[in-house]
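Accompanying notes for the structure given below.
Residues take their numbers from the sequence shown, with the count starting at 1. As the structure is a computational prediction, the values presented were derived from the model and not from experiment.
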Amino acid sequence: MAILIPDLEKAKAMKQKPTAGELYLLEFLEKSLSPTSEVFFQPCFNGDRPDVVIMEKGLGVIVIEVKDWNLDLYSVNEQNKWVLKQNGKVLKSPCRQAYDYKKNFFEMHVNGLLEKNIKNPQFFGLIKTYVYFHNGTKAQLVNLYGHHLEEAREALKKNETDLKQERINQETYDKRRLYWENRRFKFDRDMSSTSLTRDKLHKISFPQKERNILFEDSIYQEFRRLLCPPFHYADEGKPVVYSAKQAKLIQSAEGARQKIGGLAGSGKTVVLAGRAVNAHKRHGGQVLILSYNITLWRYIHDKVSAVREDFPWGSFQFSNYHRFMTVALNNSGIDIVVPKELRYEGTDKRKGRAIAVQLNTYLEAEYYSNESIFDGAEVKTKYGTILLDEVQDYKPEWIRLLRSVFLEEGGEMVLFGDEKQNIYGRPMDGERRSKVVEGFGKWTDLTKSFRYKESSPIIPLAERFQKSFLIQLYNVDQDESYQMSLSMVSILGYGSYDDPGGLAGQIIGIAKRNSIHPNDISIISSQEAILQDLDELFRQPGGHNERTLCTFPTLEFSKSKFSHYYKKLSAAKKFGFNLNSGVMKLASIHSFKGFESPLIVLIVNDGDSPEIILTGLTRAKEHLVVYVQKESKYFDFFSENLESISTFLW
């Protein structure tokens with residue numbers, strides 16, 4: 001008998017009760033699969049909620065979506081979307097829904113799997129998908145898909161005849177053949193291979209019949225960690241000492257609406273983590289933690305892990321807004337439709353960027369900022385607590401949508417932010433604070449920084465920068481911490497550079513002459529291009545030969561035959577970013593926002609806003625090196641407040 005997680009009795013007692021089809025499938029799988037097969041019912045991995053996932057070490061993964069539908073009530077249109085006959089409502093194909101769960105494993109959830117798949121497409125075959133129609137029959141499936149298959153067959157025959165009778169040329173023939181063969185393949189796949197009825201459940205099989213070296217143990221373990229999150233015990237945490245204000249703010253309350261702000265290093269993330277655990281202890285339900293920056297999820301996860309309490313990791317979901325929404329749309333069977341004119345896979349970078357801007361605008365309007373997108377849809381998961389980090393980066397529509405669609409009745413929602421890190425230029429209110437939706441009360445501010453040692457000059461430097469460039473827009477941070485003068489510091493310098501090679505040499509020189517470990521060095525800039533150049537120089541064998549971790553693909557990759565995967569791999573790099581990786585880090589300021597590092601090397605670029613610069617320099621815990629060109633509007637400030645970099649090189 002297969003291993004069911006949870007077992008049948010626990011599955012029946014779950015808050016979201018299994019349907020008749022789900023119970024029937026679970027009972028069948030338990031009896032028919034081998035004792036080494038693991039069957040996960042309604043697992044939640046970073047928001048995705050497939051009905052059933054089956055896994056066996058060395059053989060692969062199976063994803064099954066279960067529908068208890070009466071198939072006579074539906075039809076399938078030419079675009080392979082399902083249509084409810086009663087009102088003509090177009091629905092996402094259940095087969096596509098299962099496929100998107102599979103795709104998300106590669107692109108969102110399993111770190112490193114996308115890169116393996118790009119280099120070896122056979123990796124995509126590690127996961128197999130099915131849709132089980134509990135009340136369906138083979139005849140009903142033929143009724144849904146059969147006429148589309150017949151149409152494709154007839155079109156292919158006509159295409160052959162037209163070529164033989166010279167009514168079309170070879171080029172037209174080839175285009176038509178590819179179109180109709182692709183269409184026939186998709187309809188036949190969904191009807192014959194992906195769709196299952198009750199009498200065909202015996203067809204469920206793993207991608208491989210024998211142990212597959214591609215499905216290596218490390219990949220299996222990562223899948224299992226996602227599907228079966230461990231329990232966190234109190235002795236796994238580290239003692240967290242809260243200030244009196246922090247201790248008050250971590251207390252969860254039913255129906256609470258709150259806004260918590262504070263200067264860099266004041267412990268907003270520590271409060272968020274404590275509040276998350278306290279919330280789960282209070283209501284025992286699901287806690288959703290969202291940031292705007294995708295790289296931050298692991299950092300926030302570590303802060304939650306530091307809380308010395310018992311709790312199941314499966315009750316906490318970490319994501320960023322857009323990734324969460326993409327997953328939630330698929331969970332609810334809502335298809336993200338991209339118009340043909342907004343799909344571009346060519347090599348013209350300028351055209352690609354222009355279309356990408358248009359695509360983002362379209363997706364925001366139609367899906368991510370559309371407050372009615374879930375009207376009439378089934379929402380699989382609601383949350384007893386929703387905590388939003390970096391709320392200054394959020395649009396009001398996103399906050400309203402999360403509150404109205406995903407928050408349980410009586411649930412609490414707390415917003416955390418710092419308006420002076422408003423690098424996306426979101427609107428401000430009359431009090432010069434981030435303009436968010438009504439109903440969250442006044443801001444409660446954390447005014448004491450815990451990021452810096454008493455001798456650190458970063459706080460007064462940040463205050464002077466705000467007074468020089470941001471005082472007209474925001475209230476200047478007043479830190480209650482003990483502050484020392486700028487002279488009490490080991491490294492605090494500025495410089496300029498002529499080429500990436502010279503810059504790379506200076507950074508390595510500073511690190512070696514001052515005995516700074518690579519793990520303590522983070523190089524940040526608003527422009528990825530200069531960071532890519534530096535990354536390549538650092539890694540060169542026979543040169544600096546340094547290992548690095550980046551929030552973007554390497555320069556070699558961007559110039560390779562795989563460059564059209566750049567956007568997907570970039571997202572995967574950000575998702576897998578780990579501050580304590582033991583190596584030198586390179587990241588955009590946008591991706592590094594929320595992190596901190598003992599030494600920050602900040603590269604200032606033309607067009608950088610004051611908010612971007614402030615965000616960058618406040619990432620430093622102890623040491624800061626700023627590279628700024630003489631023609632920059634920021635040059636005078638840094639040359640007056642920092643020492644020349646040559647002081648730390650010789």
Side-chain angles (χ1 to χ4, degrees), residues 63 65 71 74-83 90-103 106-107 114 117-131 133 138-197 200 203 205 207 335-348 351-352 355-356 358-359 362 560-568:
V63 179
E65 185 67 13
L71 297 186
Y74 299 87
S75 64
V76 175
N77 66 18
E78 294 180 352
Q79 287 76 41
N80 204 8
K81 298 183 188 300
W82 285 52
V83 180
V90 178
L91 307 172
K92 185 171 188 173
S93 163
C95 300
R96 179 71 195 189
Q97 188 176 1
Y99 173 83
D100 282 349
Y101 286 132
K102 169 179 175 173
K103 187 162 66 75
F106 285 87
E107 297 181 7
L114 178 62
N117 182 56
I118 289 173
K119 295 175 181 177
N120 183 355
Q122 290 184 357
F123 268 93
F124 204 65
L126 290 175
I127 303 176
K128 205 170 183 178
T129 62
Y130 295 101
V131 178
F133 295 102
K138 181 179 179 180
Q140 288 176 313
L141 289 173
V142 171
N143 187 51
L144 286 168
Y145 291 104
H147 62 287
H148 292 298
L149 289 169
E150 183 62 29
E151 181 187 17
R153 282 191 287 265
E154 290 298 322
L156 287 167
K157 288 180 183 178
K158 184 178 184 304
N159 195 39
E160 293 283 351
T161 302
D162 287 346
L163 180 65
K164 290 177 181 179
Q165 297 181 359
E166 298 183 350
R167 288 197 288 263
I168 58 174
N169 59 26
Q170 186 68 40
E171 184 180 359
T172 301
Y173 167 82
D174 289 337
K175 287 181 179 178
R176 288 181 180 177
R177 180 179 58 81
L178 287 172
Y179 171 79
W180 286 106
E181 283 183 349
N182 183 53
R183 187 164 167 178
R184 180 180 63 181
F185 168 78
K186 289 180 178 178
F187 284 119
D188 185 55
R189 175 201 61 198
D190 287 359
M191 182 182 78
S192 305
S193 302
T194 305
S195 298
L196 299 171
T197 52
K200 298 294 182 182
K203 293 176 66 176
S205 62
D335 204 7
I336 296 180
V337 180
V338 178
K340 187 176 181 179
E341 63 271 17
L342 296 181
R343 302 174 194 165
Y344 182 71
E345 296 184 357
T347 58
D348 187 331
K351 184 177 180 180
I355 292 177
Q358 297 174 37
L359 175 60
Y362 165 81
S560 73
K561 63 180 180 179
F562 304 117
S563 60
H564 57 286
Y565 289 104
Y566 189 93
K567 186 175 181 180
K568 289 182 179 179

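With S195 contributing its side chain and D190 its backbone, the two residues share a donor-acceptor pair below 3.5 Å. Checking side-chain atoms of N77 against main-chain N and O of Q79 turns up a donor-acceptor pair under 3.5 Å. Between the K81 side chain and the V90 main chain, no donor and acceptor come within less than 3.5 Å of each other.
Contact check for L196 versus K203: side-chain heavy atoms found under the 4.5 Å cut-off. Using a 4.5 Å cut-off on side-chain heavy atoms (C-beta onward), N143 and L71 make no contact. Side-chain contact check for D174 versus Q170: some heavy-atom pair is nearer than 4.5 Å. Proximity of R183 to E78: side-chain heavy atoms (C-beta onward) are separated by under 4.5 Å at one or more points. By the 4.5 Å heavy-atom criterion applied to side chains, V131 and F133 are counted as neighbours.
Annotation: salt bridge (Lys or Arg N to Asp or Glu O under 4.0 Å) contacts of E160 (sequence neighbours excluded): none. Residues meeting the salt bridge (Lys or Arg N to Asp or Glu O under 4.0 Å) test with D188, sequence neighbours left out: none. Under the side-chain contact (heavy atoms from CB on, under 4.5 Å) criterion, S75 pairs with V83, K85, not counting sequence neighbours. For R184, there are no salt bridge (Lys or Arg N to Asp or Glu O under 4.0 Å) partners two or more places apart in sequence or in a different chain. Qualifying ring pair (Phe, Tyr, Trp, His ring centres under 6.0 Å) partners for Y130, counting only residues two or more places apart in sequence or in other chains: none. Taking the side-chain contact (heavy atoms from CB on, under 4.5 Å) definition, one finds that L359 meets it with V338, L342, Y362, L363, sequence neighbours left out. When the ring pair (Phe, Tyr, Trp, His ring centres under 6.0 Å) test is applied to F106, the partners found at least two apart in sequence or on another chain are F124. Among residues two or more places apart in sequence or in another chain, the ring pair (Phe, Tyr, Trp, His ring centres under 6.0 Å) test is passed with Y145 by none. Under the salt bridge (Lys or Arg N to Asp or Glu O under 4.0 Å) criterion, K138 pairs with no residue, sequence neighbours left out. Every side-chain contact (heavy atoms from CB on, under 4.5 Å) that Q97 has, sequence neighbours left out, goes to E65, K67, Y101, N330. Taking the side-chain contact (heavy atoms from CB on, under 4.5 Å) definition, one finds that K175 meets it with E171, sequence neighbours left out.
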Decide yes or no on salt bridge (Lys or Arg N to Asp or Glu O under 4.0 Å) for D162 and K158, but give the supporting numbers first. CA-CA 6 Å; D162 287 346; K158 184 178 184 304; 2.9 Å; yes

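Remark: E151 CD to F187 CZ distance equals 8.0 Å, nearest 0.5 Å. Here CG of L144 is found 7.5 Å from CD of Q140. Values are rounded to the nearest 0.5 Å. The line from SG of C95 to CZ of R189 is 7.5 Å long, rounded to the nearest 0.5 Å.
For CD of E181, the number of neighbouring non-hydrogen atoms (other residues, nucleotides, ligands) closer than 6.0 Å is greater than 12.
Sequence neighbours left out, not one pair with a member in residues 156-179 passes ring pair (Phe, Tyr, Trp, His ring centres under 6.0 Å).
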